[in-house]
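Counting starts at 1 for both ligands and their atoms, following the listed order.
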Amino acid sequence: MAALIPISSLLLLLLSSAVPAPASAFATALDPSLMGINLRKEKLSHFRFYWHDVLSGPKPTSVRVVTPPSNTSATGFGLVNIIDNPLTLLPDPSSKLVGRAQGFYTSASQEELALLMVMNFAFVTGKYNGSGITVMGRNPIFNKVREMPVISGCGLFRFARGYAQASTHTVDLKTGDAVVEYNVYVLHY
Ligand SMILES: *[C@@H]1O[C@H](CO)[C@@H](O)[C@H](O)[C@H]1NC(C)=O
Ligand SMILES: *[C@@H]1O[C@H](CO)[C@@H](O)[C@H](O)[C@H]1NC(C)=O
């Protein structure tokens with residue numbers, strides 16, 4: 001096959017990755033600068049906000065979609081909540097909305113109360129509006145600080161990596177409603 005490709009176009013491909021990929025190319029090496037990415041200019045950003053898990057009231061943002069049998073474990077092993085939780089600047093739920101945490105959590109431990117969190121932080125504020133980061137990790141909710149990986153993001157957070165630290169601010173033991181402080185550290189371009 002190689003013999004069929006003219007030498008000149010091979011040279012061009014070698015000299016410049018700006019050459020558009022032929023329609024038949026499955027994988028192509030790209031120059032990051034063509035996508036506005038400078039690999040030497042990775043930024044570290046810190047975000048702090050409060051995550052509101054609202055189970056009670058007329059408009060819950062966290063809905064139990066799987067309830068395991070109560071006699072199989074003391075940790076609710078297998079439960080699943082789908083969330084669209086507001087993220088606000090301050091613990092007060094009526095403070096400025098900076099985004100929403102959309103995804104789910106599930107009880108994934110039979111020994112202690114440890115959740116598996118899978119959620120996108122979809123930001124709605126300032127230049128971050130429309131950009132988001134994706135968190136997936138283990139959340140043993142009775143620990144003071146729980147750390148979960150930021151596995152990537154979109155928009156301003158393309159190629160992002162980092163971690164989130166969660167610490168419970170308040171829990172209403174009657175309703176289960178919780179306010180959790182998140183500190184997120186993200187490397188991105
Ligand atoms: C749990 O309760 C269900 C329904 O009463 C019963 O069928 C099941 O055998 C129980 N399981 C255990 C582990 O006790
Ligand atoms: C965020 O973006 C959406 C969609 O583009 C737009 O409707 C909304 O007004 C923006 N919000 C802010 C606070 O800029």
Side-chain angles (χ1 to χ4, degrees), residues 17-18 20-21 23 27-28 30-66 80-106 115-139 141 145-172 175-189:
S17 51
T28 311
L30 284 183
D31 177 349
S33 68
L34 295 175
M35 297 173 68
I37 291 167
N38 181 342
L39 293 180
R40 287 198 199 88
K41 291 232 169 103
E42 203 171 23
K43 294 189 279 280
L44 175 62
S45 300
H46 171 210
F47 300 93
R48 183 177 56 212
F49 47 77
Y50 294 82
W51 179 97
H52 300 264
D53 201 39
V54 182
L55 305 159
S56 68
K59 203 168 171 273
T61 61
S62 178
V63 176
R64 179 70 45 89
V65 293
V66 177
V80 180
N81 271 48
I82 305 287
I83 60 170
D84 184 9
N85 285 349
L87 305 173
T88 60
L89 199 54
L90 300 170
D92 178 353
S94 62
S95 64
K96 185 182 166 61
L97 184 79
V98 297
R100 308 195 71 88
Q102 298 175 335
F104 66 91
Y105 59 76
T106 179
L115 305 177
L116 164 71
M117 312 292 293
V118 179
M119 56 188 170
N120 291 309
F121 292 151
F123 296 122
V124 297
T125 190
K127 68 172 179 174
Y128 300 104
N129 188 20
S131 293
I133 57 186
T134 302
V135 168
M136 188 173 98
R138 182 171 182 271
N139 183 6
I141 59 173
V145 180
R146 294 87 69 180
E147 188 169 310
M148 294 162 253
V150 167
I151 57 173
S152 198
C154 60
L156 290 177
F157 300 105
R158 288 173 180 171
F159 300 113
R161 58 208 166 96
Y163 63 95
Q165 288 182 322
S167 46
T168 303
H169 183 264
T170 45
V171 188
D172 181 327
T175 61
D177 289 1
V179 180
V180 178
E181 178 181 340
Y182 271 81
N183 281 277
V184 186
Y185 300 86
V186 197
L187 285 169
H188 60 107
Y189 295 102

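- The distance between the ring centers of Phe123 and Phe47 falls below 6.0 angstrom.
- For the side chain to side chain contact (heavy atoms under 4.5 Å, CB included) test, residues two or more places apart in sequence or in another chain that qualify with Asp92 are Ser94, Ser95.
- Every residue meeting the side chain to side chain contact (heavy atoms under 4.5 Å, CB included) condition with Ser131, not counting sequence neighbours, appears here in chain and number order: Leu156, Phe157.
- Take Asn120 and apply the side chain to side chain contact (heavy atoms under 4.5 Å, CB included) test, not counting sequence neighbours, and it matches Thr134.
- The number of heavy atoms from other shown groups lying within 6.0 Å of CZ (Arg48) does not exceed 12.
- Each of Val124, Asn129 has a non-hydrogen atom positioned under 4.0 Å from some atom of ligand 2.
- Note: His188 and Phe159 fail the aromatic proximity criterion, with ring centroids not under 6.0 Å apart.
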